Amino acid sequence: MSDLRELYQQVILDHNKNPRNFRELPDATTKVEGFNPLCGDHYTVFLKIDGDVIRDVSFIGSGCAISKASASVMSATVKGKTRQEAEVLFDTFHKLVTGETHVSDDLGRFAPFAGVAEFPTRVKCAILAWHTLRSALEGEKQAVSTE
Amino acid sequence: MTTRTADRGPQTTAHRSPTTDRLSEAQPLRSAVRGLRSDYDVESIRRDFPILARSVHGRKLVYLDNAATTQKPQAVIDRLVRYYSEENSNVHRGVHYLSEVATSEYEAARTTVKRFLNARDEKEIVFTRGTTESINLVSQAWGRANVGEGDEVLITAIEHHSNIVPWQLLCGEKHAQLRIAPVNDAGEVMLDQFANLLTPRTKIVAVGHASNALGTINPIRQMIALAHANGSLILIDGAQGVPHLPIDVQELDCDFYAFSGHKVYGPTGIGVLYGKQPILDAMPPWQGGGDMILSVTFEKTTYNALPYKFEAGTPNISGVLGLAAALDYVSTAGIEKIGAHEHDLLVYATGRLVEIPGLRIIGTAAEKASVISFTLEGVHPHDIGTILDQEGVAIRTGHHCAQPLMMRFNVPATSRASFGMYNTREEVDALIAGLKRVIEVFR
Ligand SMILES: Cc1ncc(COP(=O)(O)O)c(C=O)c1O
């Protein structure tokens with residue numbers, strides 16, 4: 001049970017219930033779909049990019065609590081960041097959920113996701129929105145899949 | 001409506017559905033089921049399955065993912081060990097002692113399968129890798145020779161991907177049409193609509209005996225009769241039929257019947273295609289190679305007789321022997337008794353699940369195998385699966401290889417509990433307790 005509480009932290013449950021930026025973006029410059037065929041998670045990430053800066057981010061779709069909370073946190077953290085900063089955030093998040101780094105003070109909003117590393121089958125859920133973001137930044141039109 | 005196959009005697013009603021509104025109606029059935037169950041010793045059966053003694057995450061394993069694959073009894077495991085430690089050799093080609101032993105055991109296993117399905121002849125039993133390969137064999141060898149432009153193939157809306165995609169490939173190649181018989185909100189194929197979709201161009205019908213995603217048992221007797229009256233052949237995907245229902249292919253009169261060993265307590269990588277002999281005889285071979293030939297010159301090859309014509313290359317010998325051991329095990333326990341035991345679990349589990357607020361059962365057909373798909377309001381199936389797993393309860397979550405069906409019911413995914421011959425009511429209770437934990441976490 002303690003492990004479960006680590007995974008389903010209150011912050012994650014809150015984001016799942018009330019995801020941030022959960023809407024379409026009418027003036028998006030790119031949108032990319034991401035899905036996880038194993039469990040049916042399916043999101044579309046919208047970006048409004050202005051030069052090097054991500055002016056706005058939003059997402060729609062459905063999936064498990066982990067994937068939705070992660071998409072919500074992703075949208076909140078990369079808004080206003082440069083492409084390069086977003087890449088660094090991707091990396092930090094990826095390392096955290098795959099257990100390469102451990103929780104530290106500077107993880108901020110990512111900290112609640114540290115528990116994911118204990119659940120290998122759920123890592124894909126946590127990084128789905130981030131992978132989708134990355135391919136949107138790389139200008140890919142293809143849907144991405146974490147399988 | 002009695003739609004089941006080859007079911008005779010007092011257990012005829014044993015598979016009646018436990019849909020919510022039928023629960024009260026199902027009560028008297030329970031006692032009938034109990035009578036049958038009296039000599040079904042589930043505890044002794046459990047002891048035959050070594051894996052059931054293990055724990056997962058510090059909890060006793062509660063394995064409720066039998067529609068995905070079943071666990072193996074010691075008899076099957078022992079059979080594999082015996083083959084590799086005492087009999088290993090190639091079949092149909094050596095004159096030495098071991099090859100003779102392996103060949104005769106291999107062919108004896110074919111006889112076991114023949115008896116299990118009540119086929120007329122061993123020639124009608126082709127060993128394949130599983131249901132998927134069996135269906136592909138038919139769609140390619142029979143389909144390519146018999147389906148042409150403008151022809152039609154009829155399937156239903158509750159098929160597994162492996163009974164959809166092979167036909168799509170065939171229809172794509174031949175410019176034929178794939179027709180889909182729709183289901184009602186209970187997840188039952190509507191026979192009148194099914195009948196309407198049969199046309200003079202329908203070359204073959206391919207339907208599941210039971211749905212892995214919803215549990216629905218299709219009225220295959222009627223479907224077979226309708227297909228034949230229309231002059232069409234019919235294949236039954238029996239992946240979810242064989243583990244739960246007695247099968248008599250002669251009585252059914254289906255043209256093809258496919259199933260997988262691993263879903264009926266046998267090894268993975270082995271399955272069966274039953275086909276009526278005249279149809280198999282008329283079919284061109286599928287894969288070429290050793291064993292499927294009589295003589296080869298660079299100018300011309302003469303193919304071997306049935307069933308070897310369809311068994312190219314060294315077969316999965318240990319798998320075949322393990323499958324026969326599994327079918328023997330099931331026959332000893334009694335498929336009717338297994339079905340009745342599972343039905344009791346289905347009724348019990350359905351009754352307990354519907355008490356959970358926000359829980360919706362997807363698939364409430366009047367005739368169901370022991371499969372329950374459900375959704376829980378506000379919680380994604382994947383989260384349910386993870387939390388149950390921490391409690392030692394293994395279920396399946398996702399689209400169950402039936403994406404079109406998920407769309408029909410407007411759900412991205414479901415959670416699915418499926419029962420096998422060794423499950424118990426206590427295990428159903430563990431599932432219910434686990435779901436209460438899910439609700440606690442997500443409250
Ligand atoms: C109804 C049905 N058909 C076909 C299959 C495919 O079986 P296999 O993967 O063993 O070939 C399955 C397995 O999930 C099934 O449930």
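In this text the structure is predicted, and so the values were computed from the model without any measurement. Every chain is numbered from 1 and lettered A, B, ... according to where its sequence line falls, protein lines coming before strand lines.
- The structure places NZ of Lys68(A) at 9.0 Å from NE2 of His380(B), a figure rounded to the nearest 0.5 Å.
- By the side-chain contact (heavy atoms from CB on, under 4.5 Å) test, His42(A) pairs with Glu33(A), Phe35(A), sequence neighbours left out.
- Residue-environment remark: NZ (Lys79(A)) exceeds the threshold of 12 foreign heavy atoms within 6.0 Å.
- For the side-chain hydrogen bond (donor to acceptor under 3.5 Å, both in side chains) test, no residue two or more places apart in sequence or in another chain qualifies with Thr132(B).
- For Arg443(B), the part sitting under 4.5 Å from any heavy atom of chain A is the backbone (N, CA, C, O) and nothing else.
- Sparse packing is recorded around CD of Glu377(B), with 12 or fewer heavy atoms of other residues, nucleotides or ligands lying under 6.0 Å away.
- Leu4(A) contributes atom CG, which lies 8.0 Å from atom OG1 of Thr386(B) (distance to the nearest 0.5 angstrom).
- Within the 4.5 Å cutoff, the side chain of Phe119(A) has no heavy atoms near those of the Asp389(B) side chain.
- Side-chain contact between Val441(B) and Arg5(A): present, with at least one pair of heavy atoms (C-beta onward) separated by less than 4.5 Å.
- Residue Lys48(A) qualifies as open at atom NZ: its count of foreign heavy atoms under 6.0 Å is 12 or below.
- When each of Cys125(A), Cys64(A), Ser67(A) is paired with Asp383(B), the side chain to side chain contact (heavy atoms under 4.5 Å, CB included) condition holds for Cys64(A) and for no other.
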